[in-house]
Amino acid sequence: MSSIAKRNAAGKGALFKRMWDAKILYLILLPGLIHMIVFKLLPLFGLVIAFQDYSIFQGILKSKWVGFEHFSAFVNDSYFWKLVRNTVLLAIFNLMFVFPIPIIFALFVNEVKNSPIKRFVQTLSFFPYFISSAVMVSILYKLLSPQGGLVNDVLNALGFDSVFFMAEPGWFRALYVGLNVWQLFGYNAIIYIAAMTSIDPHLYEAADLDGASRWQKIFKVTLPSIQTTIVVMFILAIGQILTVDLDKILLMYNPSIYDTADVIQSYVYRQAFSSEGFPNYSYGAAVGLMQSVIAFVLVIGANKISSRYSDSRLF
């Protein structure tokens, strides 16, 4: 056996030995790996129906191939631009409010020196993340109800007429973004708070010696120290710019607010699971695939821009 072959064999033996020594860690990894394969990787093969006139009676192997016909039909649909506009506007408003608010909240929490109060505030802000979308939307309906809702009671007390917020197209985006902020700001803030705990305390001591105020320490020490975390989270948020919380939208929307509430995901849902006639699985798969490809391109672009103009990037 040659020396190269011996080294390769020895390397493989050492690798297997290290894996065997860490077998408990691999067992812990196994459930997550199985979940990823079954629910993330295997379903990718089903995307082939986006290029077929898929029939559940004929199956994938016997369904007729139509190429890019469904993609072309979606782009040429007169409803296409309204869906894109609604989706992008919701995503931009999400990016404008849901992304920066956790950073601001984490900065304020980091300034609290009383540990019990700090833990209590963190726990209280984190709690809404565990509330299901159905419960949150139900609470919203109760608060905004024209009959007996707290918000309308206040408006009536001030001399204004009741407003049926959930049936007004102009109010949908504000309500959707507000729900997302309430549910996610405490959860997302944990990432930034964790990043702040790794900041060298000597930097704050040096800032104190230079006579820096709290605001100056936030802008000159804290924010630059967590810049990498912020950039990575921003790149991930860019990747979700065409993605919205479908559960909330399906629970909140109705035909009277389709003008602002109907987005690409809800359109795909209606197409793929139509209650009238046969569901159009191929068309829904094509629209969903197109959205995923655009999101992937946006992530790559944001990562390239980040690596060019800063030292931080996702990969």
Side-chain angles (χ1 to χ4, degrees), residues 87-137 139-140 143 172-201 203-204 214-249 251-252 263 265 295 298-299 302-303 305-306 309-315:
T87 306
V88 170
L89 283 176
L90 274 184
I92 289 175
F93 291 145
N94 243 14
L95 203 60
M96 288 172 58
F97 296 99
V98 178
F99 178 74
I101 286 177
I103 301 174
I104 297 170
F105 177 73
L107 290 171
F108 287 157
V109 169
N110 190 56
E111 293 298 313
V112 177
K113 304 306 179 185
N114 189 308
S115 295
I117 294 178
K118 188 174 182 177
R119 287 195 297 268
F120 174 76
V121 171
Q122 282 186 256
T123 303
L124 196 64
S125 66
F126 190 75
F127 180 72
Y129 181 76
F130 295 101
I131 302 176
S132 70
S133 296
V135 174
M136 295 187 75
V137 175
I139 294 172
L140 190 66
L143 289 173
F172 173 79
R173 292 177 184 133
L175 296 176
Y176 171 82
V177 173
L179 270 184
N180 275 348
V181 169
W182 178 43
Q183 186 175 31
L184 298 175
F185 84 98
Y187 175 78
N188 291 337
I190 291 177
I191 299 171
Y192 303 109
I193 293 172
M196 291 173 192
T197 59
S198 63
I199 299 175
D200 188 351
L203 295 175
Y204 291 107
R214 280 197 170 189
W215 287 107
Q216 288 173 324
K217 285 188 284 187
I218 288 174
F219 287 105
K220 300 296 184 180
V221 178
T222 308
L223 280 175
S225 298
I226 64 171
Q227 177 185 354
T228 300
T229 303
I230 293 174
V231 170
V232 170
M233 294 299 292
F234 183 74
I235 293 172
L236 292 174
I238 289 291
Q240 298 176 350
I241 200 165
L242 291 180
T243 303
V244 295
D245 191 332
L246 182 60
D247 291 341
K248 285 192 184 76
I249 289 180
L251 289 165
M252 291 175 65
V263 294
Q265 287 93 326
L298 289 173
V299 169
N303 191 66
I305 294 172
S306 175
Y309 294 104
S310 72
D311 297 328
S312 306
R313 61 180 184 176
L314 185 59
F315 49 84

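Values reported hereafter were calculated over all heavy atoms of this structure, with side chains retained and with hydrogens, waters and symmetry mates removed.
Contact check for Ile199 versus Tyr204: side-chain heavy atoms found under the 4.5 Å cut-off. At least one side-chain heavy atom of Tyr129 sits less than 4.5 Å from a side-chain heavy atom of Leu184. With contacts defined as side-chain heavy-atom distances shorter than 4.5 Å, the pair Val121/Val112 does not qualify. At a threshold of 4.5 Å between non-hydrogen side-chain atoms, the residues Leu107 and Leu223 count as touching. Side-chain contact between Met252 and Leu175 is present, with at least one heavy-atom pair separated by less than 4.5 Å. Residues Met136 and Ser133 have side chains not in contact (no heavy-atom distance under 4.5 Å, counting atoms from C-beta outward).
Listed by first and then second residue, the side-chain hydrogen bond (donor to acceptor under 3.5 Å, both in side chains) pairs involving residues 92-113 are Asn94-Asn180 (not counting sequence neighbours).
In this structure, Phe219 and Trp215 have parallel ring planes: the angle between them is below the 30° cut-off, well short of the 60° mark.
When the ring pair (Phe, Tyr, Trp, His ring centres under 6.0 Å) test is applied to Phe120, no partner is found at least two apart in sequence or on another chain. Residues forming a ring pair (Phe, Tyr, Trp, His ring centres under 6.0 Å) with Tyr192 (at least two apart in sequence, or on another chain): none.
With rounding to the nearest 0.5 Å, the separation of CG in Leu89 from CZ in Arg173 is 4.5 Å.
When each of Leu90, Leu140, Val137, Val181 is paired with Tyr176, the side chain to side chain contact (heavy atoms under 4.5 Å, CB included) condition holds for Leu90 and for no other.
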